[in-house]
Each structure stands twice: as structure tokens, then as C-alpha cells.
There are 2 protein chains.
Amino acid sequence: MKAQKNIPLRIRRTKPVPASGAGTAVIQQITRAAHSQERAQDYVETIADLIVEHGEARAIDLAKAFGVTHVTVIRTVQRLQRDGLVNTRPYRSIFLTEAGSRLAVQAKARHRVVLEFLMALGVPEGVAKVDAEGIEHHVSPETLEAFQRVLSGA
Amino acid sequence: MKAQKNIPLRIRRTKPVPASGAGTAVIQQITRAAHSQERAQDYVETIADLIVEHGEARAIDLAKAFGVTHVTVIRTVQRLQRDGLVNTRPYRSIFLTEAGSRLAVQAKARHRVVLEFLMALGVPEGVAKVDAEGIEHHVSPETLEAFQRVLSGA
DNA sequence: TTTCATTTGTAGCCTTGACTACATAAGGTG
DNA sequence: CACCTTATGTAGTCAAGGCTACAAATGAAA
């Protein structure tokens, strides 16, 4: 018995697919790349906050801030150290490197703009905070600038 | 020799941390949850597009659209099938279930609003497309509504 | 019908990011 | 100082989402 008639098999196409947009793949690849940096940005931003507020950043505070176990924090911090964003030694607290500080400053500024922008649009604060957390990592310089234009009433 | 003076050790805190926001952890958890649904939404959306454009959705076209290997697509599609969003059988093309279709419609509508919104703000199309791809998954109904208000000139 | 390029599938590996369970260091307190 | 709570670290597991290399099915064409 061959395949049932109502279950389409593959269809051989000679033409290279009528192209649903040339750069589709590239867009997705850029988005995946942005993705892989989200954690790093969230961490350095929170580490910077903790240092300002408490004078030091500790694994347990990061764990509380992110809602994960301390083990997850420790392993993530190890990766950040491997990537040159933080410095830490066993049983000591966590410090930002120069690169980490720069990234934290950028991330924080962008986060603030996105949050203020959403609230300026009338989005309730609670919702805006959640959305900003997810959105910020995908806001390009161009879009950030557009947000700032709106905020400054231009 | 004890620890060097210039490398701070831990500091014992009696108070439960001056609270850098009560719901910080919750926000991050919501963001992580949104995260885990991104691929599913991207896939059903693209599958719907392919069906409209070519009459069927095939693994190789998805691979081209996402810029990944066909193996990644096949394994992702297996997860979507496990989760009840698509139906497929070995060597056959991919179909959306009822649930998958609904999700695709929602995702597509939201994607369109986000893209149009960014372009309405003056973000160049190429950049807007990339940003929309990342942003859309973190846009709550409230924020989406705000975007639509702006688009309708309210 | 046989062949063969294309497509799909399988096996196995890697990284990230999450977890539990257990082990060890730090440092306040009695 | 010894004790004991808190914080940190280690070991091992898991799922998602990537990959390469190889195997098998499809379907068009010779």
C-alpha cells in the first residue's frame, strides 16, 4: 500500500523557493546572537547595582535577584569571568572588570530608556518592568534613539 | 598568611538585604518563561507562512528561514509535535494543529504591530525587522495595545 | 526500472542554564 | 576557641538548541 492520498508527500520544487525575504536567516541569526548576551548583560547590571547599594556583590544576592539557585549563579559567574566581564576568587565577592563596567553602564542606560518609554506610552509600571526586562536586549541603537526622541518630546 | 586587605571578604549582613525591589526575582522568572516559548512561536509563524506561500511546510525551508541545519529543525519540530502544536510523520511535510494555528495567528498579528510601530517611530526597515523579531516575544497585551494606540494616531 | 540528487532521519557531541544533594569555607557568637 | 549558621563550592543530572557525520527514503529522470 502506498501513502494515503490525503496525506501530502513532499513536492519537488525546481525553483529555489520563491524567497520569503532574502535575509530571513540572517535576521534570525542576529536575534540568536543577541540572545546569547542577555544573561551577561543582566548579570553585570545587577552586579553593578548590588555594589552601589551594598558595597559588594555576592552570589546569594544575585540568586535572590534572579530567582535561581546559588549554584546557577556560581556557574554563570564562572562563565562571565572566563569571558572577562567579572573577577572573583573562591569565597570572595564579585567584581566587575573594566569591560564588565562598561557593559553594565550601557545596559543600565538602555534599560532605563526602555522602561521610561513604555511607561510614557501608558503601560502600567508593573507590566512595563516585565516587558522592559525582555525587550531591552533587542533594542538596537537606532530604536533606542527613536525611543529617546519620543521621551524628549521631539 | 590571611586574606589580603585589599580583597574584600564577605560581609555578614543581619538585615535581609535592603531589598532592591521586591519582585525582582518574579520579573526574571516571567522573562525566562516568555523565553521558552519564543522558538515555538517563531516556528508556527514561519510554518504558517510557508503553507500559505508554497502549499506546504518542509524542514529544509524552515532550516533556510532560520539559518540552522535541518537536524536542528527536525528536532525542534519533534518538540513542537510533542507539545501539540504541529503534526508530522516521517518524510512528510509539517502541519499546524488547531492550537498551532491559533498561536501562529496571534504571533503574526503581534509581530506585525511591533514592526509597524517601530517603523512608525522612524526606525529603518532593516533594523526594525531585526528588532521586532527579538522584541515581539516580550510584548505584553498592555504594551501591544499601547503600540496600537500610537499606530491609530490616538 | 534503475539511478541519483535531494530531503529527511539518526547517532553522538557540545554549551548554556537550570536543578538537587552533598561538602567545605567564613565568620559571628557563646 | 569552638560551635554553628550562612555562604560558597562541587558533583552529577536534565532539557533545549546548536552542530557534524553518516544513513535511509523520496521522487524525478534517464
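A note on names: the letters A, B, ... follow the listed sequences, proteins ahead of strands, and every chain is numbered from 1.
Among the heavy atoms of the strands lying under 4.0 Å from Arg79(A) is at least one base atom, whether or not backbone atoms are also near. Across all strands shown, Arg32(B) has heavy atoms under 4.0 Å from sugar-phosphate atoms exclusively, and none from any base.
For the pair Leu80(A) CG and dT15(C) C1', the interatomic distance rounds to 15 Å; values are reported in whole Å. Arg82(A) places its CZ atom 9 Å from the P atom of dG17(C), with the value rounded to the nearest Å. Computed from coordinates, the Ile60(B) CD1 to dT6(C) P distance equals 9 Å when rounded to whole Å.
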Any protein N or O atoms within reach of nucleotides 9-14 of chain C? Criterion: under 3.5 Å, listing atom names and distances.
{"from": "dG9(C)", "atom 1": "OP1", "to": "Tyr91(B)", "atom 2": "N", "distance (Å)": "2.9"}
{"from": "dG9(C)", "atom 1": "N7", "to": "His70(B)", "atom 2": "NE2", "distance (Å)": "3.0"}
{"from": "dG9(C)", "atom 1": "O6", "to": "His70(B)", "atom 2": "NE2", "distance (Å)": "3.2"}

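Every residue two or more places apart in sequence or in another chain that forms a side chain to side chain contact (heavy atoms under 4.5 Å, CB included) with Leu96(A) is listed here: Val44(A), Ile47(A), Ala48(A), Val86(A), Ser101(A), Ala104(A). The side chain to side chain contact (heavy atoms under 4.5 Å, CB included) test applied to Ala107(B) returns Gln41(B), Glu45(B), not counting sequence neighbours. Contacts of Arg39(B) classified as salt bridge (Lys or Arg N to Asp or Glu O under 4.0 Å), with partners at least two apart in sequence or in another chain: none. Partners of Asp49(B) under the side chain to side chain contact (heavy atoms under 4.5 Å, CB included) rule, at least two apart in sequence or in another chain, are Glu53(B), Lys108(B).
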For residues 72-82 of chain B, tabulate all N or O donor-acceptor pairs below 3.5 Å that involve a side-chain atom, not counting sequence neighbours.
{"from": "Thr72(B)", "atom 1": "OG1", "to": "Thr69(B)", "atom 2": "OG1", "distance (Å)": "3.3"}
{"from": "Thr76(B)", "atom 1": "OG1", "to": "Thr72(B)", "atom 2": "O", "distance (Å)": "2.8"}
{"from": "Gln81(B)", "atom 1": "NE2", "to": "Thr88(B)", "atom 2": "O", "distance (Å)": "2.8"}

Could you list the donor-acceptor pairs under 3.5 angstrom formed by side chains in residues 146-154 of chain A, with sequence neighbours left out?
{"from": "Arg149(A)", "atom 1": "NH2", "to": "Leu121(B)", "atom 2": "O", "distance (Å)": "3.1"}
{"from": "Ser152(A)", "atom 1": "OG", "to": "Gln148(A)", "atom 2": "O", "distance (Å)": "3.2"}
{"from": "Ser152(A)", "atom 1": "OG", "to": "Arg149(A)", "atom 2": "O", "distance (Å)": "3.1"}

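The hydrophobic cluster around Met119(A) extends to Leu115(A), counting ILVMFWY residues whose side-chain heavy atoms fall within less than 4.5 Å of a member.
Axis deviation across the helix from dT1(C)-dA30(D) to dG30(C)-dC1(D) amounts to 10°, comparing end segments of five pairs, rounded to 10 degrees.
In this structure, Lys129(A) NZ and Ile30(B) CD1 are separated by 12.0 Å, a value rounded to the nearest 0.5 Å.
Within the structure, a side-chain polar atom (N or O) of Thr69(B) is placed less than 4.0 Å from OP1 or OP2 of dC19(D).
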